[in-house]
*Asks:* 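Right, I'll just put the structure down here and ask away after.
Both backbone and side-chain heavy atoms feed into the values below; hydrogens, waters and symmetry mates do not. Remember, it's a predicted structure, so these values are computed and weren't measured experimentally. Below, chains carry the letters A, B, ... as their sequence lines are ordered, and counting in each starts from 1.
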Amino acid sequence: MDKTIATLAEAVATIADGATVMIGGFGGSGAPIELIHALIDRYRATGHPSGLTVVNNNAGNGHVGLAALIEAGMVRKLICSFPRSADPVVFTERYLAGNIELELVPQGTLAERIRAGGAGIPAFYTPTGYGTELATGKKIEEFDGRPYVQERWLKADVALVKAERADTMGNLTYRAASRNFGPLMCMAAAETIVQAREIVAPGGIDPETVVTPGIFVQKVVAVPDPQQEETLNRAGAVH
Amino acid sequence: MDKTIATLAEAVATIADGATVMIGGFGGSGAPIELIHALIDRYRATGHPSGLTVVNNNAGNGHVGLAALIEAGMVRKLICSFPRSADPVVFTERYLAGNIELELVPQGTLAERIRAGGAGIPAFYTPTGYGTELATGKKIEEFDGRPYVQERWLKADVALVKAERADTMGNLTYRAASRNFGPLMCMAAAETIVQAREIVAPGGIDPETVVTPGIFVQKVVAVPDPQQEETLNRAGAVH
Amino acid sequence: MSPKLSNAQIAWRAAQDIADGAYVNLGIGFPEMVAKFQPPGRQAIFHTENGILNFGEAPPSGQEDWDLINAGKKAVTLKPGAAFFHHADSFAMVRGGHLDVAILGAYQVAETGDLANWSTGPKGVPAVGGAMDLVHGAKRVAVITDHVTKEGAPKLLERCTLPLTGVGCVTRVYTSLAVIDIEGGRFVLREKLAALTFEALQAQTGARLHLTGPVADLTVPEL
Amino acid sequence: MSPKLSNAQIAWRAAQDIADGAYVNLGIGFPEMVAKFQPPGRQAIFHTENGILNFGEAPPSGQEDWDLINAGKKAVTLKPGAAFFHHADSFAMVRGGHLDVAILGAYQVAETGDLANWSTGPKGVPAVGGAMDLVHGAKRVAVITDHVTKEGAPKLLERCTLPLTGVGCVTRVYTSLAVIDIEGGRFVLREKLAALTFEALQAQTGARLHLTGPVADLTVPEL
């Protein structure tokens, strides 16, 4: 029972064309830059995977990470809450040209749909979006005299998540606010691939402080000195 | 912003007749014995609160804690998943005599209903209970060809929860499996009252290891050497 | 030009209504300014959607930790007693009624409490973020805004004409001219600049202003 | 008296089908015994509804920590790599399809996969616990049981007569006489005790046993 994968390339080697891929992070905080770049490198070498549906809070920034994934032409559809950033040109151009599909979801609904996918809850009701165009066509039901919108779970084939520390059984901790969508996406994907700053033996994480239990994680790969999207963009990096 | 309350008596002084009270714990693990006993003591002295609806996984064991609360005649209705224990005589006698109402809820549905109450989700769908007598009268809806049961959120006026460490702002950690329903009940109650083995100043809990953020907690009271239901019952204790 | 409050002064006024110990979410952009004006002796606990309670001011330039940002993706710091949590727990706080106050910007507010603050129409890339969640659940949802648009058109209306963020959600509006409550589908005037007549205020408001008691002077410090 | 497996032997047989690294929930009571018979070289990770992954055996008497118990409220220990979590996360693991195997006891199992294991009828105090959740979500839901009741009545039936725990949820049954899969609404016999004829087994079964291939001998060690 050792979920450690030796290389980033190996970790992302089996993601298939057309897969739905959840990518952790809120802007650059928690963005698994190295896993994304390994996926882009594979696409450049092999032409796969293509036609991805990506779930992320945002739509990338600059020319690294998610933005680079879109720029490489690998993404067919994006499910996100806020496709704007300091430098959103990659997504914006493709979206306005009709070359990428966008499903816009309120942020809390996006988080809850992902959790529902992980928790076996096919649908739930939320006040969010009621009476707005984002609820168009959705089922409405009243509870205690107040109307709510029915939302469906969101699941993925793969999740790419950045953690701080992992043990070889896949138990995870995160760092500061980079936690954000990570624990939810780990739950909602058939295969969760984690890059961690450090991989330790079982027992190396206090059971009280585990944030994501290993049952939600399939692969862990060590990235001891991970890059930060914000820092890369300030340096004008392009992947 | 100091949520510390000096005494157990003061902590439970405002719980009203007819209140819905969530009580943390799974059997004796996490049972807030001292808070429950303080509530019983208040009832014996004042006749209040009475007519409570209690939400707990179980129905008490022996003659301490929840069992003693029921034995004192304070509980009108119990919402739980498993009203059996090593010594369930207190609940059993009252139930069979028709003196206490029981709403039996599958354990995972109970947990999810409480979380939903805390998260502002008025209803959700679960496969649990479909086709069984516990789904009688409940709304059924099909998703992706499979039938699911609609379940409603569960909220409370008060939650009584046992934590390991609290800071004065109400941030909490738990001890081992005594965590169980605690974090959920903290979310779902209008007023959450916590007994903690130790109360520390803000900064005394690493922000990475907070299990229940203080926003979900209204009162904390120190109980440095809490009693364990299991140990009390093995000693034949009666409150 | 008639007198009006600066953004800082609007933020200051809104800050005066935040109680000690309140849990508060400030929308990204202009509302973030409210945090600067907490009255002495009061400490609010600020929540950000991306999973922090009790964050503090921005760190000095060059000392940013880009894992420690707010919903506007600006670097922040922590205060003692902070907590991290994931996005579902964060929006449980929002939707579940645990925040005392959410203070948001607005394109338009209707007398019904409807708010439009996320989209100016079908052109460009739509983006909603947490706006539609934040308008639900907080015990008080307040708006801070200029009383009129840059073009002088009223932002307080009978009905919003821009895409809605939420229906019947706003309870108080702090503008550059007045403080107005929304009660029973009506704008109720609470405070206005002393130099401004009721008629002049009404003329800049797209729905009827109601009075249910005395109107106080809206007084703020120079900032 | 005809030969049959002991409870320990049924548990042993069920344990042979648990892969190395599998996440497993064992129902309280008899199913807990399965943990004792993990084949050498394989390590399953056991889940308990009350919020532990990777717990181990009971501690020596007198060394119990009553905050560290399993769903049956028995004291347990931790293995390296354990994790604690709250009840909603615990049942997210159950309902969300994250467990590889759940092994449960049964009063009755139907050829449709329906299971009855929580109530013997309306008398007494009803109690369900996590049974109704556990039958959903695990990739494989297996039952271990005597083939017949103490009175000799069949427990494998066309339709359950006792209150259901779940509909169409069981995929394999390990009994004191046989190993039977549930496929397409039919009992398919995989293994039976060598000393037992098909006809004798069918006579103790309340629904038709199907064959889709060779039937292996059900062989277990003395335990």
Side-chain angles (χ1 to χ4, degrees), chain A residues 1-4 22 111-124 153-157 159 163 165-174 179 182-192 199-220, chain D residues 18-25 38-56 65 67-69 76-102 130 132-139 141 166 169:
Chain A
M1 155 61 84
D2 185 343
K3 298 179 179 176
T4 309
M22 290 179 175
E112 191 67 13
R113 287 179 64 193
I114 297 169
R115 181 196 174 268
I121 302 293
F124 60 89
W153 63 14
L154 200 51
K155 296 189 185 200
D157 300 300
R165 176 178 280 194
D167 69 20
T168 55
M169 299 178 77
N171 293 300
L172 306 181
T173 66
Y174 298 84
R179 185 184 304 196
L184 311 174
M185 290 179 171
C186 287
M187 295 169 69
E191 176 172 77
T192 292
I199 300 177
V200 298
I205 302 178
D206 178 354
E208 299 282 4
T209 68
V210 169
V211 176
T212 293
I215 192 171
F216 296 130
V217 173
Q218 282 67 47
K219 295 178 177 173
V220 292
Chain D
I18 300 176
D20 185 37
Y23 289 92
V24 181
N25 185 295
Q38 289 182 80
R42 292 192 221 164
Q43 195 193 354
I45 296 104
F46 293 104
H47 167 267
T48 180
E49 296 95 295
N50 54 314
I52 319 175
L53 265 176
N54 213 15
F55 66 95
D65 174 349
D67 283 342
L68 192 60
I69 61 174
V76 296
T77 52
L78 292 184
K79 295 182 190 169
F84 297 120
F85 36 85
H86 63 52
H87 246 83
D89 282 349
S90 182
F91 280 89
M93 294 175 194
V94 171
R95 237 189 279 102
H98 304 284
L99 294 171
D100 295 295
V101 193
M132 285 192 184
D133 307 281
L134 282 168
V135 299
H136 295 289
K139 294 181 185 78
V141 175
C169 50

*Asks:* With a 4.5 Å cut-off on side-chain heavy atoms, are D/Val94 and D/His47 touching?
*Replies:*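 The answer is yes; the side chains approach within 4.5 Å.
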*Asks:* Below 4.5 Å from any heavy atom of chain A, which atoms of D/Asn54 appear? Answer side chain, backbone, both or neither.
*Replies:*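 The answer is the side chain of D/Asn54.
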*Asks:* Of the listed residues (A/Pro207, A/Pro202, A/Pro213), which shares the most heavy-atom pairs with chain D below a 4.5 Å separation?
*Replies:*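 Top count of heavy-atom pairs under 4.5 Å with chain D: A/Pro207.
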*Asks:* Return the CG to CD1 distance between D/Leu53 and A/Ile215, rounded to the nearest 0.5 Å.
*Replies:*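 Answer for the CG-CD1 pair, D/Leu53 versus A/Ile215, is 5.0 Å.
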*Asks:* Any non-hydrogen side-chain atom of D/Gln38 less than 4.5 Å from a side-chain atom of D/Ile18?
*Replies:*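 D/Gln38 does not reach D/Ile18 side chain to side chain.
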*Asks:* Less than 4.5 Å to any heavy atom of chain A: does that hold for the side chain of D/Leu99, its backbone, both, or neither?
*Replies:*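 D/Leu99 touches chain A through backbone and side-chain heavy atoms alike.
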*Asks:* Distance check, rounded to the nearest 0.5 Å: A/Met187 atom CE versus A/Thr192 atom OG1?
*Replies:*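 The CE atom of A/Met187 sits 10.5 Å away from the OG1 atom of A/Thr192.
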*Asks:* Below 4.5 Å from any heavy atom of chain D, which atoms of A/Lys155 appear? Answer side chain, backbone, both or neither.
*Replies:*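 Neither part.
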